[in-house]
Amino acid sequence: MRWSQSFIPTLKETPSDAEIISHQLLLRAGLVRKLSGGLYTFLPMGLRALRKIERIIREEMDRAGGIEVHMPALQPSDIWQQSGRYETAADVLYKVRDRSRKEWVLGPTHEEVITTLAANELNSYRQLPKNFYQIQTKFRDEVRPRFGLMRAKEFLMKDAYSFDASDDGAMASYRRMYDAYTRIFARCGLKAFPVEADTGVIGGNYSHEFMVPAETGENDVVYCESGQYAANIEKAVSRGSAVPTPSVSSGEAPEKFPTPGVVTIDALAAAPYLVPAQHQIKTLVYVVDSQLVLILLRGDDQLNEAKLMARTGAVHARPATADEIVATLGARPGSLGAVQQVPATVKVYADVTLRDARGMTTGANEDGFHLRHVDAARDIRVTQWEDLRTVKVGELCVASGQPLKIRRAIEVGHVFKLGTKYSVKLGSTFLAEDGSRQPTVMGCYGIGVTRTLQAVIEQCNDKDGIYWPMSVAPYQVCLTVLDIAPAGRPMQTAEKLLAELTAAGIEVLLDDRDDRPGVKFKDSELVGFPLRVNVGEKGLVKGEVELKPRKGVVRFVKVEDAVREIVAHVQGELAALNADKAS
RNA sequence: CGGGACGUAGCUCAGCCCGGUAGAGCACUUGGUUUGGGACCAAGACGUCGCAGGUUCGAAUCCUGUCGUCCCGACCA
């Protein structure tokens, strides 16, 4: 391919609406252009890199026993009604109506479609297990699309769904996908690692997310340097707060004392009250699936909403409004407590940290007053004790006992053991060997293909631009001719190299533009081709061309050795990326 | 959906406070000189100042509404 005949609109300046480096480089390197918020056109270089990632995914999915299919993006809304997600996923569903006013859904994911297929087609244990996958555009009505391809309204996803006859079988399918994902990301040159993940409203019992460490990620990952534990913060647990909870009772009954104007933990911790945060009980009021509930945490802890939803089995949870709180408890936020004036119908969820807490201070449910000498278990009617707190840096790892760390990361993949939720609702059953009819046991496995592309850029960039891993580069080699006169030695040599390298299976882009060398060098580094070959008169008088790896030093090789050297370089880097995949 | 910022040439931005003929750099076109790290000179083309309404003799500038974009938060099967 020739640069002049492709379309690679590079930008010298950073577009003002791109905040993070990978988004800026997507635009500057001419990989994509924005149509509208969260909607992007892929230009040739972006599309080629995307296709490379797709190809790696297909190879590894096929190798792991995946069966490629292609499902409709436009789906009848009634299967969404059947699964129950017409309501629970309503926020992200794009809905459209046809001429007869019938409603359709633009698929944000395909559990409903594939399970409908399985219900019709998989009827015997002899047909199981099966693992169907596709690479397809998904649509999600994101509240806030951002960071280019990272969170878009329309994006490319590889989704796979396994159907097994037993739980053990499902576990084996899950394991195969887990291993395949490890290989896929390694082959893409990405440093991705699996972490335990929250299972959300699907419930289920086993889930890992594949995370790429990046400051610009939208997830917090709790991990132990021993390598024995890593989890999304929504799911993470520890051996508890590093600060002990008071556990000695004063023996006295709760006592009300005036605290005019005190509405925060910090204010009560300050003079003249001097009640340390860990001696306080924080009372939060939430509306969980339309029911008002109280949530109790130690004063210095933060609620983990994902845990709240997981432990209560809730579909929706939100903080109550001030009006709802006053109507039920008679006091305003800042003076709330669960000791008295809590209607019997209101559930009280307390963090386990408080189970043995004694001598605590909490709100009196009366503006301007708090209670002291509160022994949580003695004085509060707790409906359910649960782990509801968010893990903090430095708490001890449940596995190794070492201090935990937290870092930001980008989620590029998710493997999920679904169980029988969808198979039961959508009727995917089979006849077992003993003649009984049973629901298939499912798993689902997603990779954000477009997000993976951007994650590679987020991880592989420097001040000059992108440096693609050889496996996902739009072209493996940029052949930079420094003088494009058609009859001149540089162009003649370059044409010959282009033909021979292409014949040898190397992906070459010949930069035949009528531009000064500096422009071509800068552009090739910005777009990020892993190897540049400079062909100029200066080298040719010595019978040489220059090999300049994007992240290495320049090397001079004889023209007659160039093809062999270039092939060896490209294949060497590919082999190194593929070697990592063995795990 | 709450909070904030911003919409002026293809891109980056100035002008707006303090109303009075639309600006710069880059990119683009033509000619010339250059030619191993984002060249130089000259000439040229490119704008309903996001849109609508209002105030005013006069609005890019002030006011109101609206649409869009970005950031923070909320949300994220």
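Chain identifiers are assigned alphabetically (A, B, ...) following the order of the sequence lines, protein sequences preceding nucleic acid strands; residue numbering begins at 1 within each chain. Only a predicted model underlies this, so the values are computations on that prediction, with no experimental measurement involved.
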For Thr321(A), is there any backbone N or O sitting under 3.5 Å from a side-chain donor or acceptor partner on Glu324(A)?
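Confirmed, Glu324(A) side chain pairs with Thr321(A) backbone.
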
Check: Glu546(A) side chain, Arg555(A) main-chain N or O, donor-acceptor pair, under 3.5 Å:
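No, the answer is negative, given that no donor and acceptor are paired below the 3.5 Å cut-off.
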
In whole Å, what is the span from the [atom1] atom of [X] to the [atom2] atom of [N]?
X: Asp511(A); N: rG36(B); atom1: CG; atom2: P; result: 15 Å
X: Leu27(A); N: rU69(B); atom1: CG; atom2: C1'; result: 13 Å
X: Arg28(A); N: rU12(B); atom1: CZ; atom2: C1'; result: 12 Å
X: Gln24(A); N: rC11(B); atom1: CD; atom2: P; result: 16 Å
X: Ile8(A); N: rC11(B); atom1: CD1; atom2: P; result: 20 Å
X: Leu482(A); N: rG38(B); atom1: CG; atom2: C1'; result: 15 Å
X: Leu11(A); N: rU12(B); atom1: CG; atom2: P; result: 8 Å
X: Lys522(A); N: rG38(B); atom1: NZ; atom2: P; result: 7 Å

Not counting sequence neighbours, which residues clear ring-ring contact (aromatic ring centres under 6.0 Å, His included) with Phe521(A)? List them please.
none

Return the set of residues passing ring-ring contact (aromatic ring centres under 6.0 Å, His included) with His569(A) (not counting sequence neighbours), or none when no residue passes.
none

So Tyr181(A) and Phe185(A), would you call those rings parallel, tilted or perpendicular, with 30° and 60° as cut-offs?
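Ring orientation of Tyr181(A) relative to Phe185(A): perpendicular.
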
Pairs involving residues 287-296 of chain A, ordered by first then second residue, that meet salt bridge (Lys or Arg N to Asp or Glu O under 4.0 Å) (sequence neighbours left out):
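The answer is none; no pair qualifies.
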
Mind checking who [N] pairs with, Watson-Crick or G-U wobble, both distances under 3.5 Å?
N: rC26(B); result: rG10(B)
N: rU66(B); result: rG50(B)
N: rG2(B); result: rC72(B)
N: rU56(B); result: none
N: rA45(B); result: none
N: rG38(B); result: none

Tell me whether the centres of the aromatic rings in His110(A) and Tyr161(A) are closer together than 6.0 Å.
no

Base, sugar-phosphate, or nothing for [X], non-hydrogen atoms under 4.0 angstrom?
X: Arg33(A); result: nothing
X: Gly536(A); result: base
X: Asp483(A); result: nothing
X: Ser16(A); result: sugar-phosphate
X: Lys34(A); result: sugar-phosphate
X: Asn534(A); result: base
X: Phe147(A); result: sugar-phosphate

Pick the [atom1] atom in [N] and in [M], then give their distance to the nearest Å.
N: rA22(B); M: rC41(B); atom1: C1'; value: 26 Å
N: rC13(B); M: rU29(B); atom1: P; value: 24 Å
N: rA24(B); M: rG15(B); atom1: P; value: 15 Å
N: rU8(B); M: rC70(B); atom1: P; value: 14 Å
N: rG36(B); M: rU69(B); atom1: C1'; value: 41 Å
N: rU21(B); M: rC6(B); atom1: C1'; value: 27 Å
N: rG47(B); M: rG10(B); atom1: P; value: 8 Å
N: rG23(B); M: rA39(B); atom1: P; value: 28 Å

Using the ring of Tyr286(A) (Phe, Tyr or Trp, six-membered ring only), decide whether Arg318(A) places NZ or CZ under 6.0 Å from its centre and within 45 degrees of its axis.
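The answer is no; the distance or angle limit is not met.
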
Short of 4.0 Å, heavy atom to strand atom, which residues of residues 448-463 of chain A count as contacting RNA chain B?
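Here the set is empty: none.
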
Give a yes or no on whether Lys551(A) atom NZ has more than 12 heavy-atom contacts from other residues, nucleotides or ligands under 6.0 Å away.
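Correct, the count exceeds 12.
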
Counting only heavy atoms from other residues, nucleotides and ligands, does the tally under 6.0 Å from CZ of Arg489(A) exceed 12?
yes

Would you tabulate the nitrogen or oxygen pairs shorter than 3.5 Å linking the protein to nucleotides 26-33 of chain B?
none

Are a donor atom and an acceptor atom from the side chains of Thr137(A) and Glu154(A) found within less than 3.5 Å of each other?
no

Ser428(A) side chain to Thr115(A) side chain, donor-acceptor N/O pair below 3.5 angstrom
no

His23(A) or Ala89(A): which one's nearest nucleotide on RNA chain B is closer to the 5' end?
His23(A)

Comparing nearest nucleotides in RNA chain B, the 5'-proximal residue of the pair Lys548(A), Thr14(A) is Thr14(A)

When only distance counts, do a donor and an acceptor, one from the side chain of Glu525(A) and one from the base of rG38(B), lie under 3.5 Å apart?
no

On the side chain of Asp515(A), is there an atom forming a donor-acceptor pair with the base of rG38(B) - under 3.5 Å, no angle test?
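Looking at the base of rG38(B), it does not pair with any donor or acceptor on the side chain of Asp515(A) (distance under 3.5 Å).
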
Provide a list of protein-nucleic acid N or O atom pairs under 3.5 angstrom, restricted to nucleotides 74-76 of chain B.
unit_1	atom_1	unit_2	atom_2	d
rC75(B)	OP1	Glu305(A)	OE1	2.6
rC75(B)	OP1	Glu305(A)	OE2	3.4
rC76(B)	O2	Arg151(A)	NH1	3.0
rC76(B)	O2	Arg151(A)	NH2	2.7

Answer yes or no: does a side-chain N or O of Ser36(A) lie under 4.0 Å from OP1 or OP2 of rU69(B)?
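For Ser36(A), the contact criterion (side-chain N or O under 4.0 Å from OP1 or OP2 of rU69(B)) is met.
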
Going through the checks in order, is the side-chain hydrogen bond (donor to acceptor under 3.5 Å, both in side chains) test met by Arg532(A) and Ser524(A)?
CA-CA 8 Å; Arg532(A) 186 175 71 222; Ser524(A) 77; 2.8 Å; yes

Under the side-chain hydrogen bond (donor to acceptor under 3.5 Å, both in side chains) rule, what do Asp159(A) and Gln136(A) come out as? Steps first, then yes or no, please.
CA-CA 8 Å; Asp159(A) 46 327; Gln136(A) 198 212 33; over 6 Å; no

Looking only at the side chain of Glu19(A) (C-beta and beyond, no hydrogens), which of the listed nucleotides rG37(B), rU12(B), rC71(B) gets closest?
rC71(B)

List the steps, then state whether salt bridge (Lys or Arg N to Asp or Glu O under 4.0 Å) holds for Arg151(A) with Glu142(A).
CA-CA 8 Å; Arg151(A) 183 165 293 279; Glu142(A) 290 288 347; 3.1 Å; yes

